[in-house]
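Single-structure report; data block below.
Note that this is a predicted model, so its numbers are computed, not measured.
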Amino acid sequence: GTFFHAMAALGRTGRAGRQTVTLIAFCVQICAGMTSPSQQSRVSLHPELRRGSEKGDRKRLSLRGGGVPIVPIAAVGVGFAVALKTNEKLRQRVMNTIDNLKNRGGKRRPANRAHVKEPAEYDVRNGTWAHEVAEVEPGCLLLASPDTFRFAGPRQVLDQSVVLLVRHGKTGSSGFIINRPTQFDVGDVTKKLPMFESNPLYLGGDIGEGVYMIHGFPSLRNATEVSDGIYYGGSEHAMELVQNQRAKPEDFRFFFKYAAWAPGQLEAEINSGCWCPVRTSLDLVLKTKSYPGLHFAKAHKVFWHQVLQTLGGRFVNISRDTIVKEDAERVKMEEWVALLQDDNNQTVMNHEGVENGALAVATVPVGLEQSVVDAVHGEVDAVSKEVQKTLEGEAAPPAVLSALSQVFFDRYSLALPVQGDKDGGEPASQLIDQTVLTHKGAPLSLSFLYMASARQLGVPLRALNCTARMKEPVDFLLRYDAKEGSGEGPIFVDLAERGAVKTKEQCLAALPAGSSEASLNPVPHVQLYSRMMHKLADGYARAGDEENVLMWLQQIRILQAAINTVAIIQAGAQNLTAEAQNEAGAAAQKASQDPPPTLHDLIGDKLLASGGGEVAASDLKGKYVGLYFSAGWCQPCKVFTPQLIQTYSKVKIADGKPFEIVFVSADRSQEGFENYFAQMPWLAVDFKDVERRSGLSSALQVQGIPKLALFDPDGKLLTADGRPLIAGDPLGEKFPWNAPE
């Protein structure tokens, strides 16, 4: 734009000058049109991000890229202008050529409303294409930058969105999100469009309540032109066309609600890197996209990546990096799902492995070495054993907790808050691995270790929903509830006072005025994980570390998704249980006629040996066998596997008893299986035998891992839940752990 203004100023002196400027502008437009989007690689940043990047800080880059390379084009244009200025004949020939081109195009005529024109073919120019543009105008697409709207409250609908801009001016801007399908059709929302009731309905934004239509028909009555080949409105005339078979329902796209910006808001968001304006071929805008087998809530990501891939260049790298990040988040969610189903608990509320949850939080910023995981569990075991020595026999819960507090706070110290930092230092210091390393931590980080030790001592604790009390972060209470019918009241432990054991009355007296007993209600362990992540996000926000703030906020969402997933799985399991009970009579009768299959019937003919090669599955006959369902990506599995190896080595190798374990993998790849199996001393079902692994899981109704099923020498099932038997007898003194009747 600056270049054109400058040349226009030079051309004000006469007709020849104006002709020269017109010709230069024409050449520049040709060059600009031929410029490859992949060449436009300059990244423009928000001023704050630019200053941060100059200091070497790691900042989140936007999609927004540079425009046309003006300097080379200007040099060519000026040189060409000088040649035209000195050669009158050349200038006259070129101007005649331009006039002929203009005359050939003819003047634009108003649309003939009597004859509806059908839209041109979508790919008449170059097939599917896309390129970045410098100026925002109706008809362009706004491509959301990664993570920009991920935590934007009501505007989260714009996360990884592609918006068709239909209006842009001094009064504001508006458009439709074209990559957000819903599970509804047009007929589910309105009955005013009977010819389009089966058309898929897209979520166009977060504003309004109406249904809007875009299409490629240039002459529909009451339709508004957005840009060449794109129109919106005119639904009544569109229904006439469909009814008269002059158009198809799929030629029209429908949106519920729309996106909007106040005057100047969109420009500000683009300048700050929230959006990247692009132009694309009409097929990307007007054709409805379908992805069979993909949940509608994930379809917007596919189209967002498709546009990035079409843009090419650095946008391909952004797409790839985003996919890698999303894959890591998916793996983390699966880890949480497995962890929250420890011991096949009935609900997430019953999840007990609090130290495993704390380790899952600690592995977010960086993966932990197995030695660190072992150190955490070793600390819990060491504290529990020392308390048992102190008690010298059975004791009441208050005495156990008092002894635990004495031992625990002899080993650990409380990190009191310092001025300007309510949580007591570097945010990462709250993670359980750092607490074990330094033997010092905030009340929240110490609570994980304290509750894990108390659980091993037979006194399970829960944290409190102390909303009022949490205004003072150093105060943190834990609660023990006796079994129903015992007549005993709840007992409380105040970690802020070195584990002092208190009664309910003492705790209520210490709460702020106006607090009720509801403040002393217990919460499940999963709420502690969320609370820890919120504290970490708050700590990094005070430090101005945007990258870590976004990371922990996303981890909170992943945890919530895992909780919802487990709830769905467990609800399905309950339904299956009810159905199974309804069919129990018929199943029992059939079982009396046909005995249930044994392990030897299910395991197959060949198994893999840990040292390589194969062994015959018939070698398992006459031995007690454990089927171990596990995976290398599962954090609880990583904790239980070393314990199982210890027991296996003691029972089979040291004592020479008839015992064998067969690993049934739930890993995601052959490489993952091989790496995990290399750590094990027993046998395994071949990972490539998917049908065999699936059959074993179905036969034993495996819903979560790790899971250990134990069989007798005849292959009959002793117990489908042998994990707690091993955990309670690590040296195998109670082998073969026959399940009680």
Taking [X] for the side chain and [Y] for the main chain, is one N or O donor matched with an acceptor at less than 3.5 Å?
X: Ser453; Y: Ser384; result: no
X: Arg479; Y: Leu520; result: yes
X: Ser530; Y: Val526; result: no
X: Arg693; Y: Ser665; result: yes
X: Glu497; Y: Asp494; result: no
X: Lys707; Y: Ala720; result: yes
X: Ser445; Y: Gly441; result: no

- Task: Would you check if the distance from the ring center of Phe659 to the ring center of Tyr624 is below 6.0 Å?
- Result: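 Between Tyr624 and Phe659, which both carry aromatic rings, the centre distance is not below 6.0 Å.
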Hey, are [Y] and [X] close enough side-chain-wise for a donor-acceptor pair under 3.5 Å?
X: Gln160; Y: Glu326; result: yes
X: Thr363; Y: Lys332; result: yes
X: Glu488; Y: Tyr480; result: no

- Message: Rounded to the nearest 0.5 Å, what separates atom CE in Met551 from atom CD in Gln555?
- Response: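 Met551 CE to Gln555 CD: 7.0 Å, rounded to 0.5 Å.
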For [X], I'd like to know if atom [atom1] has over 12 heavy atoms of other residues, nucleotides or ligands within 6.0 Å.
X: His534; atom1: NE2; value: no
X: Lys734; atom1: NZ; value: no
X: Gln183; atom1: CD; value: yes

[X] and [Y] ion-paired at < 4.0 Å:
X: Arg330; Y: Glu334; answer: yes
X: Arg411; Y: Glu386; answer: yes
X: Lys650; Y: Asp655; answer: yes

- Task: Would you please name every residue forming a side-chain hydrogen bond (donor to acceptor under 3.5 Å, both in side chains) with Gln560, sequence neighbours left out?
- Result: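 Checked Gln560 against side-chain hydrogen bond (donor to acceptor under 3.5 Å, both in side chains); matches are Asn564.
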- Item | Under the side-chain hydrogen bond (donor to acceptor under 3.5 Å, both in side chains) test, residues paired with Tyr648 that sit two or more places apart |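 Partners of Tyr648 by the side-chain hydrogen bond (donor to acceptor under 3.5 Å, both in side chains) criterion, ordered by chain and then number, come out as Lys652, Glu660.
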- Item | For Ala362 against Ile432, the heavy-atom pair lying closest together |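 In this case the closest contact between Ala362 and Ile432 is CB-CG2, 4.2 Å.
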- Under 6.0 Å from the six-membered ring centre of Phe640 and within 45° of its axis: does the NZ or CZ of Arg723 meet both?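 Cation-pi check for Arg723 and Phe640: passes.
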Any side-chain heavy atom of [X] sitting closer than 4.5 Å to one from [Y]?
X: Leu203; Y: Val157; answer: yes
X: Thr641; Y: Pro706; answer: no
X: Leu464; Y: Leu478; answer: no

- Task: For the pair Tyr676 and Phe663, evaluate ring pair (Phe, Tyr, Trp, His ring centres under 6.0 Å) and give the outcome as yes or no after the intermediate values.
- Result: CA-CA 10 Å; Tyr676 192 38; Phe663 170 43; 5.6 Å; yes
- Phe673 and Phe677 aromatic ring geometry - parallel, tilted or perpendicular at 30°/60° bounds: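 Because their plane-to-plane angle is under 30°, the rings of Phe677 and Phe673 count as parallel.
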